[in-house]
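Notes follow once the structure below has been shown.
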Amino acid sequence: MRGVCPHSKQPNVRDDLMLRAYSFIWQVTTQSYRPTVEHVFQNIHYSQMDIFETRRPFRDDYNPGRVVARDETIDKMGSAFQDFVDGYRPPDVCICGDSGIGKRTIIKHLLKVLQTKVETELVVTTVDCAEHNTIYKIYLALANKVCPDRYPNGTNPLLLQESIFQEMNDPDRTHFIILEHLEALGLEGPPFNDLQQARSTYSVENTECGFIGISNESRILGYLPKDVVHKSRMHTIETYPYDAHQLRSILELHAEIAFADGVLSESVIPKCAAIIAQETGQATEALQLLELSGYLALQSEAEQVTEDHVSKARNSLIQLQAYNKFTKELTAKEQLTCVIITAYNLVNGTAITPDDISRHYRERCRSFNLNQVKIRQVRNYIQDLDNKGLLDCEGYNAGRGGGIQTKYKLSVPPEPIIQGAIATSGRFKRLLQQQDVSINKFTETEEGIDFTAFSSRQ
DNA sequence: ATTCCACGGGAAATGGGGGTTT
DNA sequence: AAACCCCCATTTCCCGTGGAAT
């Protein structure tokens, strides 16, 4: 039985966490509290914004300093770390659950509180496994983050391991390594064993190091190798989507800072919470919806944000996500492919075959500084777009006359893609003009939103 | 039953980061 | 400095397949 010993003389992490969870202010390590030029500009904006006080709480890197609506998870995390507070080695933790439901927030928060409970200095290093998706690349990223020297691609893995754990070999410090997007590593699973083994090989007894895995794939626990999951030092924690009540408290926390006094009509936050609770339960989405609602109110020069704005915002949420996907998650090759498909759909009113996509790609790639590629490769780009949820495919089989064939069309409204394309590069604008796509029709959505303007807020 | 070909999985090649040995 | 090795991403090549039309 692992967890808190009731007779322990050591401070009880869990109780303390619960207290601090509601009072703690996050302000030390992040740069966001240092006065910067950016802040000066933000202050200028305040006077111009009637609806928003500031839009900072809606940014990805914003941290409200308090954790709400996650008592149970905090509780479990507290147990996982209790042994460490009692003087044992730091634990390995694996936390999973759908994206946007508070995993990172809780871990950051917990480590901060933990720092006040132990004497050693906690050093936290984060590695994104989506970017560094093999064990070698994780070592490489770690070496570059932890050690003062720079280690280029191709550095011998053994040297990397040695450098990392030598560097960590410091009795006054305890390292926590956060591995995000564990699911990106595939079936091999989190390299906890590998890492711990390397640790014991290359370091003397002083090296203290805990690994924290984060995965968006809640099923990951199911298909991970048993010996990884059931290691005695390994704790697994699962988080679940937020319900409407929890979303409400999260929205209120952010809205208090973001919106001017009294501009939110009473039903706005409950409505946002209810809508998202029913769909995904993701805090990030709920916040997007709320921000979009406020933006629409601002656009229409309303004095208050109303339920009506929320309804409109809801219709635009998918488009906003498509815009973000296009501008932030697609590679240049995928973007070009996507724009080609969009333009063809609009001009011809029909789906497009990979042959045609490839032909257009061949013609256009030069002006985007991309290589000419064979159709097979273009198929891969198409597949990637499809996986990212931007395409619908229509399959048909012409039998003897040609076998199976597929045509593709955009699965989202064209406005966000076109806006995203134009915002990304003037070359896309020219491409669209040359294809006779009447751009002006798409610079605003049905609800009157220009996503480029929306996203370029402070 | 045969025929046809886009499709897509997977192996192999290419190219580019770098290190080490002789 | 030439030759060889490590690690990665991207691209090309090869080939089995599905299934309606014939």
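Below, chains carry the letters A, B, ... as their sequence lines are ordered, and counting in each starts from 1.
- The two residues A/Leu410 and A/Asn345 make their nearest non-hydrogen contact at N-OD1, 2.9 Å.
- Residue A/Lys407 is classed as having no contact, given no heavy-atom separation below 4.0 Å to the nucleic acid.
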Between N or O atoms, less than 3.5 Å apart, protein on one side and nucleotides 18-21 of chain C on the other: list the pairs.
residue: C/dG19; atom: O4'; partner: A/Asn397; partner atom: ND2; Å: 3.2
residue: C/dA21; atom: O4'; partner: A/Arg400; partner atom: N; Å: 3.4

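- Partners of A/Tyr295 under the ring-ring contact (aromatic ring centres under 6.0 Å, His included) rule, at least two apart in sequence or in another chain, are A/Phe454.
- Protein atom CG of A/Asn371 is 12 Å distant from nucleotide atom P of C/dT10, rounded to whole Å.
- Within the 6.0 Å centre-distance limit, the rings of A/Phe176 and A/Phe84 are counted as a close aromatic pair.
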Review item, side-chain donor-acceptor pairs of residues 317-325 of chain A, under 3.5 Å, at least two apart:
residue: A/Gln321; atom: NE2; partner: A/Glu285; partner atom: OE2; Å: 3.3
residue: A/Gln321; atom: NE2; partner: A/Gln288; partner atom: OE1; Å: 3.2
residue: A/Tyr323; atom: OH; partner: A/Thr452; partner atom: OG1; Å: 3.1
residue: A/Lys325; atom: NZ; partner: A/Lys388; partner atom: O; Å: 2.8

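- Partner of A/Glu180 under the salt bridge (charged side-chain N to carboxylate O under 4.0 Å, His left out) criterion, chosen from A/Lys108, A/Lys103, A/Arg104: A/Arg104.
- Applying the salt bridge (Lys or Arg N to Asp or Glu O under 4.0 Å) test to every pair with at least one member in residues 420-442 of chain A, sequence neighbours left out, gives no pairs at all.
- One interatomic measurement links the two molecules: CD of A/Glu394 to C1' of B/dC7, which rounds to 17 Å at whole-angstrom precision.
- Side-chain atoms of A/Ser215 never come within 3.5 Å of backbone atoms of A/Cys94 as a donor-acceptor pair (strictly under, hydrogens ignored).
- Only at 4.0 angstrom or more do the heavy atoms of residues 351-361 of chain A sit from any atom of DNA chain C, so none qualifies.
- Within the structure, ring pair (Phe, Tyr, Trp, His ring centres under 6.0 Å) pairs that include any residue of residues 331-357 of chain A do not occur (at least two apart or interchain).
- In this structure, A/Leu142 atom CG and C/dC7 atom P are separated by 17 Å, rounded to whole Å.
- Within residues 375-391 of chain A, the residues approaching DNA chain C are A/Arg376, A/Gln377, A/Tyr381, by heavy-atom distance under 4.0 Å.
- With sequence neighbours left out, A/Ala343 forms a side chain to side chain contact (heavy atoms under 4.5 Å, CB included) with A/Leu432, A/Gln435, A/Val437.
- For residues 358-407 of chain A, the ring pair (Phe, Tyr, Trp, His ring centres under 6.0 Å) pairs, not counting sequence neighbours, are A/Tyr361-A/Tyr381, A/Phe368-A/Phe428.
- A/Gln405 places its CD atom 15 Å from the C1' atom of B/dG8, with the value rounded to the nearest Å.
- Comparing the helix axis at one end of the helix from B/dA1-C/dT22 to B/dT22-C/dA1 with that at the other, each defined from 5 consecutive pairs, gives an inter-axis angle of 30° (nearest 10°).
- Every residue meeting the side chain to side chain contact (heavy atoms under 4.5 Å, CB included) condition with A/Leu253, not counting sequence neighbours, appears here in chain and number order: A/Pro64, A/Arg66, A/Val68.
- In this view, A/Phe442 satisfies the ring-ring contact (aromatic ring centres under 6.0 Å, His included) rule with no residue, not counting sequence neighbours.
- To the nearest angstrom, P of C/dC8 lies 12 Å from OH of A/Tyr139.
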Trace of the side-chain contact (heavy atoms from CB on, under 4.5 Å) decision for A/Ile276 with A/Leu289 = CA-CA 8 Å; A/Ile276 299 301; A/Leu289 182 62; 4.0 Å; yes

